[in-house]
Amino acid sequence: MTPVTLNAYKLLHNGSLALARMEANGLRVNTSYLNRAIEGVSAKIKQLEEKLRADPVWMEWRKVHGDRSKLGSREQLGKVLFDHMKIPSPGFTEKSEEEGAKQRYRTDEVAFERIDLPFVRRWVKVEHLKKALSTNLIGLYREVVDGFVHPSFCLHTVQTYRSSCREPNVQNQQIRNPTVAKIVRRCYIPRDGHVLVEIDYKALEFKISACFWKDPEMVKYASDDTLDIHRDLAAMIFKCRKVQVSKRMRYLGKNGFVFPHLYGSYWGKISPAIWGEVEKLELDDGTTLQTHMTSKGIGDEDSFARHVEDVEKKFDSRFHIFANSRDKWYDEYRKVGGFPFLTGFWAQGLYSKNQVLNTPIQGPAFHCLLWSLIQIQKEIDQRKMEAKLVAEIHDSILADVPIKEIGDYVSLCKEVMMERVRKHWPWIITPLDIEVEVADRNWHNKKVWPS
DNA sequence: CACTGGAGCCAC
DNA sequence: AAACGTGGCTCCAGTG
């Protein structure tokens, strides 16, 4: 892949300079909290592991694996549960299917979910804590210098010309699991007299998808504040009214259906995961989602799969330009051996069909953020502001801003991210919108900033 | 002992 | 026919 236009070259050049400034700034870390968190979580893990070792399942484990027994070994646990305790197997991993490959049981969370044993429940809990401890807490500790951490942001590693981040990766700090998110994100704090301001583009990838496919119905959807594609698809999938869609249901609409479908997955692959969640969810009136679905004539996994297939058809007939353009786009790639980006790059070489559908959206979506980041850094310098950009997470910018500059910083970002970038790239034919969050104490306690 | 691949989990 | 994309990071198992 190559930046084939001057603008594309400049974007990477100036982008690297802006990211370098960000790296130099660094994020402030609450080191005394970090130390306490490491101690606290370690103690909790130790305590839970003692309980695990007192459990009959551990006796069985010892019988099977003897002195080689390792509490952290998924493979060993799989053998204990599915071979020796005769618990129904969740099947084997994908690689196991390959010629001559070793047969390994699936040992992910879903595989363990339906096993109602205290040992297994506790084991999964310990794994969550271990992940937070080793990756997020100790991984951070290792990189802190004088109370600051300076992650490396790269523009040269990602196939789609997105960015990546390492040592530590602050682009994958936990946020979904509330308990763990709190432990992890409290490490990151603003400088004295500052707050952390995080500004993200709302539904950026869906909007860029609309711009890319030039589907009028998609553009309409992406341009109307009162419409919400993820919520509306959740309502269709769960056969309920839009107002009944909870946060979790919307999440499933977005990550369980809309994105997978936009990037080439299909009902047979995505419906089982959503169905698995139906059992756990309730509607606002207290009825379980499962009961609700049954009352709508969808009582099992198979009928749900057919229903999702139907939703897919409705999605494609509603956004028919999107649905019908995809094959043409892919055929053109196969003829030419490459494809252009809206941002002036050219992708050349072997790509799978789904990569050909995803890359021209994922890349340019990030480029909107990168272009904005460059401009915002430039303005901060010119205006001699004290605000410091400290991180970027694909569609959001994290800054460490003096309290007295919050107003100026937010209006600067609004102007750049919503107005100027559209003047720079006229192919952006939907409005762009942002959400502002401010954290006065740490990255975890961020609150939506009314605007 | 260094290294690699598999499996899994975190984010967008 | 096949079947969502991009990363970083960790632990374990196995190899030389």
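Naming: A, B, ... by sequence-line order, numbering from 1 per chain.
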Options [options], nucleotide nearest the side-chain atoms of [X]:
{"X": "Val158(A)", "options": "dG7(C), dT10(C), dG5(C)", "result": "dG7(C)"}
{"X": "Pro260(A)", "options": "dC4(C), dG6(B), dC12(B)", "result": "dC4(C)"}
{"X": "Gln159(A)", "options": "dG8(B), dA3(C), dT6(C)", "result": "dT6(C)"}
{"X": "Lys95(A)", "options": "dC10(B), dG6(B), dG5(C)", "result": "dG6(B)"}
{"X": "Tyr266(A)", "options": "dG5(C), dA3(C), dG8(C)", "result": "dA3(C)"}

* Pairing of Lys447(A) and Asp440(A) as salt bridge, 4.0 angstrom limit -> no
* Asked: Charged N to carboxylate O under 4.0 angstrom, Arg306(A) versus Asp310(A)?
  ->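 Looking at Asp310(A) together with Arg306(A), the answer is no, because their closest N to O distance does not fall below 4.0 Å.
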Whole-Å gap separating [atom2] ([N]) and [atom1] ([X]):
{"X": "Asn172(A)", "N": "dC10(B)", "atom1": "CG", "atom2": "P", "result": "10 Å"}
{"X": "Tyr251(A)", "N": "dC12(B)", "atom1": "OH", "atom2": "C1'", "result": "10 Å"}
{"X": "Asp395(A)", "N": "dC12(B)", "atom1": "CG", "atom2": "P", "result": "8 Å"}
{"X": "His230(A)", "N": "dC12(B)", "atom1": "NE2", "atom2": "C1'", "result": "12 Å"}
{"X": "Asp67(A)", "N": "dA13(C)", "atom1": "CG", "atom2": "C1'", "result": "18 Å"}
{"X": "Trp443(A)", "N": "dC10(B)", "atom1": "CH2", "atom2": "C1'", "result": "12 Å"}
{"X": "Arg166(A)", "N": "dT10(C)", "atom1": "CZ", "atom2": "P", "result": "12 Å"}
{"X": "Lys70(A)", "N": "dT10(C)", "atom1": "NZ", "atom2": "C1'", "result": "13 Å"}

* Determine, step by step, whether Lys130(A) and Glu49(A) satisfy the salt bridge (charged side-chain N to carboxylate O under 4.0 Å, His left out) criterion, reporting the C-alpha distance in whole Å, the side-chain angles of both residues, the deciding distance to 0.1 Å, and the verdict. => CA-CA 11 Å; Lys130(A) 279 184 176 170; Glu49(A) 284 188 340; 3.5 Å; yes
Any side-chain N or O of [X] less than 4.0 Å from the OP1 or OP2 oxygen of [N]?
{"X": "Thr107(A)", "N": "dG8(B)", "result": "yes"}
{"X": "Lys269(A)", "N": "dC4(C)", "result": "yes"}
{"X": "Ser134(A)", "N": "dC9(C)", "result": "no"}

Parallel, tilted or perpendicular: which describes the rings of [X] and [Y], with under 30° parallel and over 60° perpendicular?
{"X": "Phe339(A)", "Y": "Phe341(A)", "value": "parallel"}
{"X": "Phe112(A)", "Y": "Trp123(A)", "value": "perpendicular"}
{"X": "Tyr263(A)", "Y": "Phe259(A)", "value": "parallel"}

Pick base, sugar-phosphate or nothing for [X], based on heavy-atom distances below 4.0 Å to the nucleic acid.
{"X": "Leu204(A)", "value": "nothing"}
{"X": "Ser352(A)", "value": "nothing"}
{"X": "Arg142(A)", "value": "sugar-phosphate"}
{"X": "Lys102(A)", "value": "sugar-phosphate"}
{"X": "His261(A)", "value": "nothing"}
{"X": "Gln174(A)", "value": "sugar-phosphate"}
{"X": "Ser396(A)", "value": "nothing"}
{"X": "Glu109(A)", "value": "sugar-phosphate"}
{"X": "Gln76(A)", "value": "sugar-phosphate"}
{"X": "Arg74(A)", "value": "sugar-phosphate"}

Check this for me: does the side-chain of [X] come within 3.5 Å of the base of [N] through a donor and an acceptor?
{"X": "Lys131(A)", "N": "dC9(B)", "result": "yes"}
{"X": "Arg162(A)", "N": "dC12(B)", "result": "yes"}
{"X": "Gln355(A)", "N": "dG5(C)", "result": "no"}

* Aromatic contact, Phe366(A) with Tyr161(A) (centres under 6.0 Å) ->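 No, too far apart.
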* Do we count Tyr263(A) as stacking onto dG5(C) if the rule is ring centres under 5.5 Å and planes under 30°? ->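 Check failed, Tyr263(A) does not stack on base of dG5(C).
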